[in-house]
There are 2 protein chains.
Amino acid sequence: MGLRADYVTRPREWIASILAREPRFLSAAQIHQGLERDGARVSLSTVYRTLDRLQAKGDITVRPDADGEVTYMLCEPRHHHHHAICRTCGRVEDVDCAAMEQFAESLRAHNGFELDGHAIEFFGKCGACR
Amino acid sequence: MGLRADYVTRPREWIASILAREPRFLSAAQIHQGLERDGARVSLSTVYRTLDRLQAKGDITVRPDADGEVTYMLCEPRHHHHHAICRTCGRVEDVDCAAMEQFAESLRAHNGFELDGHAIEFFGKCGACR
DNA sequence: GGGATTTTGCGAATGGTTCGCAAATGAGGT
DNA sequence: ACCTCATTTGCGAACCATTCGCAAAATCCC
């Protein structure tokens, strides 16, 4: 059942460490560049495979950006919350909100829409970039 | 200034008519298939170019779907609103809401986040699919 | 350390999207 | 209607991100 095995390897540790220190969505290519900058030689294929694995485990959030490039961030989508994304530096801050849930409820009543999920993204500038 | 010219051509009319009758996000390939089904021979390149044009004019909304494929819908992003997307048939209904705006305001106060935009998508089942 | 199994790297294949250029089409004047 | 000329189209090649197949290397467990 589930994954047959789960080896701890250098490439996986390196990739995890890149993700762990970047509070923003990164593309596979960006992660790969980060690895090279750290002197860690890892193939792009491995980056993709590791990201797939992390996604399957529910450890990362996947987000296709505006032009279709897929980006990844260490962030469990398990517990429902939203993101505030800085337009300048890309920094992501978590936003969780009961108010939003309330709003979703009211929508259910108005339209004949049986709601079972929603996704929100806020854009603007974070404290550091302002 | 702006676009130098703006010819009215069959391909453009056909593509617009496909978009006009589909209240859901379509990929370039889906639009192309729709054209063939109508007996309209238009190259995929032209589909892409026409979509780019419509986007530049602000007539369509562009949305990369979960796996990065880019999809398009006739819908002016000009006036701010959100979408309720049916998980079953993909039908999109507009949702506009002052309540949401209010919520956005409160967020601005709490986090040091200078908000200048947000995007929401609701998922569920529409009346027809329920 | 040895051996079975998983993971990696490489290069090739894939799929969506873009580009370059010659041929076709639309707009406007005659 | 016809001409002219700028714009648009179709085609095929090019491009880029992502996936795959397979042999070599790394990991785990005994």
Side-chain angles (χ1 to χ4, degrees), chain A residues 1-19 22 24-57 59-73 90, chain B residues 1-19 22 24-57 59-73 90:
Chain A
M1 55 201 64
L3 290 71
R4 240 187 190 306
D6 197 11
Y7 288 9
V8 175
T9 68
R10 311 293 180 46
R12 287 180 182 170
E13 289 176 330
W14 290 332
I15 291 168
S17 98
I18 292 268
L19 288 170
E22 286 290 348
R24 65 197 96 250
F25 285 95
L26 299 176
S27 67
Q30 289 176 314
I31 292 167
H32 189 243
Q33 288 158 18
L35 291 166
E36 293 207 320
R37 233 174 281 119
D38 290 6
R41 281 192 283 82
V42 178
S43 76
L44 200 47
S45 311
T46 296
V47 172
Y48 277 111
R49 282 184 292 227
T50 301
L51 290 170
D52 288 348
R53 239 176 57 89
L54 292 172
Q55 182 178 15
K57 286 177 52 183
D59 289 347
I60 61 179
T61 295
V62 178
R63 184 182 114 87
D65 79 0
D67 36 304
E69 254 194 284
V70 183
T71 59
Y72 309 83
M73 183 174 61
Chain B
M1 59 204 67
L3 289 70
R4 256 236 146 285
D6 197 10
Y7 288 9
V8 174
T9 68
R10 312 286 182 50
R12 287 179 181 171
E13 289 175 330
W14 291 332
I15 291 167
S17 99
I18 293 266
L19 288 170
E22 288 289 351
R24 67 196 94 252
F25 285 95
L26 300 175
S27 67
Q30 288 175 315
I31 292 168
H32 189 243
Q33 289 158 19
L35 291 166
E36 293 207 318
R37 232 175 281 120
D38 290 5
R41 279 193 284 82
V42 178
S43 76
L44 199 47
S45 310
T46 296
V47 173
Y48 278 110
R49 282 184 290 226
T50 301
L51 289 170
D52 287 348
R53 241 178 56 91
L54 291 172
Q55 182 179 15
K57 286 178 52 185
D59 289 348
I60 61 179
T61 295
V62 178
R63 183 182 114 88
D65 79 359
D67 36 304
E69 252 194 286
V70 183
T71 60
Y72 309 83
M73 184 175 61

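Scope of the values below: all heavy atoms of this structure, side chains included, with no hydrogens, waters or symmetry mates. Reminder, nothing fancy here: chain letters follow the sequence lines and each chain counts from 1.
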When you measure from the side chain of [X], which nucleotide among [options] comes out closest?
| X | options | result |
| --- | --- | --- |
| B/L44 | C/dT17, C/dG26, C/dT8 | C/dT17 |
| B/A28 | C/dC10, C/dT18, C/dT17 | C/dT17 |
| A/S45 | C/dA27, D/dC28, D/dT19 | D/dT19 |
| B/V70 | C/dG9, C/dT17, D/dC28 | C/dT17 |

Measure distances between side-chain N and O atoms of B/Y7 and base N and O atoms of C/dT25, and say whether any donor-acceptor pair falls under 3.5 Å.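 Answer no: no donor N or O sits under 3.5 Å from an acceptor.
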Record whether the side chain of B/R49 comes under 3.5 Å of the base of D/dG10 through a donor-acceptor pair of N or O atoms. yes
Could you tell me the separation between the NE2 atom of A/H32 and the C1' atom of D/dT19, rounded to a whole number of Å? 15 Å
What is the distance from CD of B/E13 to P of D/dT8, rounded to the nearest Å?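 One finds 14 Å between P of D/dT8 and CD of B/E13, rounded.
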Kindly say if B/R10 contacts the phosphate of C/dT25, meaning a side-chain N or O under 4.0 Å from OP1 or OP2. no
Give a yes/no on whether any side-chain N or O of B/T46 is located under 4.0 angstrom from OP1 or OP2 of D/dG10. yes
Note, A/T50 side chain near A/D52 side chain (heavy atom, < 4.5 Å):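 Counting from C-beta outward, A/T50 and A/D52 never come under 4.5 Å.
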Would you call A/F25 and A/T61 a side-chain contact if the rule is heavy atoms closer than 4.5 Å? yes
Look at all strands and tell whether B/T9 reaches a base, only sugar-phosphate, or nothing, counting heavy atoms closer than 4.0 Å. sugar-phosphate
Which residue lies more 5' along DNA chain C, comparing A/T50 with B/D52 via nearest heavy atoms: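 That would be A/T50.
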